[in-house]
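Just so you know, ligand 1 is whichever comes first in the structure, and atom 1 is the first atom listed for that ligand.
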Amino acid sequence: MKFTEFGFDGRLMEGIEASNYEDATPVQQQVIPLILKGKDIIASAQTGTGKTAAFLLPLINRIITEHTDGITITVLVIVPTRELAIQIAQHLEGLSYFTSISSIAVFGGGDGNAFVQEKKALSMGADIVVCTPGKMMSHIKMGYVKLDNLKYLVLDEADRMLDMGFFDDIMFIIKHLPAKRQNLLFSATMPPKIRQLARSILHEPAEINISISKPPEKIIQQAYMVYDAQKIPLILHLLKENNFKTVLIFCSSKLNVKALTRDLKRNGIKAGEIHSDLEQESREDILIQYKSGRLPVLVATDILSRGIDIDNIDLVINFDVPHDGEDYVHRIGRTARAEADGTAFTLVSVKEQRKFLAIEKLLEKVVQKMPLPEAFGEQPSYNPIFEKRGGGKKKSFQHRGVRNK
Ligand code: AMP
């Protein structure tokens with residue numbers, strides 16, 4: 001489905017085109033028309049499905065066409081973490097670039113100075129505020145946040161917010177919103193407590209379920225907790241100790257692909273690399289060598305995770321944890337195709353543990369954690385800590401006065 005079919009305002013279409021979006025994703029196809037109609041929504045959709053644009057686009061369109069004043073807050077988007085707040089604010093800035101919409105991101109952490117800046121921005125107001133719950137609650141308590149004309153409330157990654165203990169903060173904020181408003185709730189999972197939250201704040205919601213496919217059960221999935229410096233030695237060890245014939249190793253960046261391939265070759269392992277810096281001809285040549293068995297190990301970025309047609313890969317290694325669950329499923333799905341069995345190892349550094357936990361939750365599967373061989377020395381334990389509320393590093397404020405650009 002093309003974006004032109006939604007009847008969006010021309011200025012918004014320019015932002016969509018500039019973002020290089022052509023077809024709407026499944027979640028966008030389902031959610032956008034309902035939001036435009038004014039329906040409340042409860043959607044189970046994970047990161048990577050295009051869910052952010054699914055709510056931003058219709059809301060931007062409504063703001064443009066309803067001619068808001070840009071001073072009182074029309075849309076409040078509540079999210080669990082500062083990273084997500086920043087990401088959504090950037091997404092918003094891209095999509096609304098050709099409009100006169102104003103937005104603010106308000107998120108936890110930071111010093112007193114940041115709070116003062118946030119206070120100033122919130123007192124000035126904006127069409128859209130993207131916030132974390134604790135920080136927004138503190139501002140509301142101070143009395144300068146103008147919520148009387150709010151029309152749309154979005155709760156994004158609601159399950160994660162509840163896991164992080166934000167229920168009371170969210171309810172506090174909601175008590176300060178006008179009763180007549182449109183509510184949109186997005187959550188990767190739908191445990192009973194999310195249904196309960198939904199019942200208390202949504203009005204006759206439309207329910208949308210975009211679930212990702214799960215990897216075949218027959219794939220043996222294992223994970224190694226490692227320090228960064230242990231990753232390459234562990235890969236060398238795994239390749240030398242096991243008798244895998246066709247191995248595909250995924251890295252999230254071209255740099256890692258290049259560095260790892262170089263180290264494999266230095267250690268006498270026949271390995272090829274595939275990434276976007278290579279000409280199509282070289283990529284095809286390497287794939288032919290790999291498919292024929294002349295090249296047993298291929299190191300690649302995610303460009304190879306979807307749609308490649310190689311049936312006999314017996315081991316997939318994630319050199320780093322993929323960005324989201326969908327990428328994980330696509331990557332490990334390269335093994336155990338057709339009748340074959342397959343194995344997938346994921347190397348998880350300390351800072352990737354949280355991402356890995358999110359993948360396990362999404363797949364509703366606890367991946368077996370493997371001990372490192374003794375010669376590797378100490379191994380980090382698996383202790384994925386969710387970002388602490390309110391605390392943490394510096395800086396907490398961005399004010400995007402994108403009016404009159
Ligand atoms: P999200 O699930 O919202 O985190 O989005 C995942 C990624 O998909 C983001 O980088 C978006 O910019 C991108 N994206 C969202 N919608 C589309 C679309 N219709 N076409 C192409 N990319 C998209």
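Here the side chain of Thr81 pairs a donor or acceptor atom with the backbone of Leu84 at under 3.5 angstrom. The main-chain N or O of Val79 is never found under 3.5 Å from a side-chain atom of Asp156 such that the two would form a donor-acceptor pair.
A donor-acceptor contact under 3.5 angstrom links the side chains of Asn183 and Asp40, judged on distance only. A donor and an acceptor atom, one from each side chain of Glu378 and Tyr227, are located under 3.5 Å apart.
The two residues Ala271 and Lys265 make their nearest non-hydrogen contact at O-CE, 3.0 Å.
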For a side chain to side chain contact (heavy atoms under 4.5 Å, CB included) check, start with the C-alpha distance between Thr132 and Ile78, then their side-chain angles and the critical distance, and finish with the verdict.
CA-CA 6 Å; Thr132 51; Ile78 311 182; over 6 Å; no
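The shortest N or O to N or O distance between Gly50 and ligand 1 is under 3.5 Å. Residue-to-ligand polar distances place Tyr21 within reach of ligand 1: an N/O pair is separated by less than 3.5 Å. In terms of N/O distances under 3.5 Å, ligand 1 is not approached by Gln87. Considering backbone and side-chain atoms together, Glu22 places no N or O closer than 3.5 Å to any N or O of ligand 1.
Those atoms of ligand 1 that come under 4.0 Å of a heavy atom in Phe3, given as number and element, are 19 (N). Per-residue contacts place Thr52 under 4.0 angstrom from the following atoms of ligand 1 (heavy atoms of the residue considered): 1 (P), 3 (O), 4 (O).
Counting heavy atoms closer than 4.0 Å to ligand 1, residue Asp23 contributes backbone atoms (N, CA, C, O) but none from C-beta onward.
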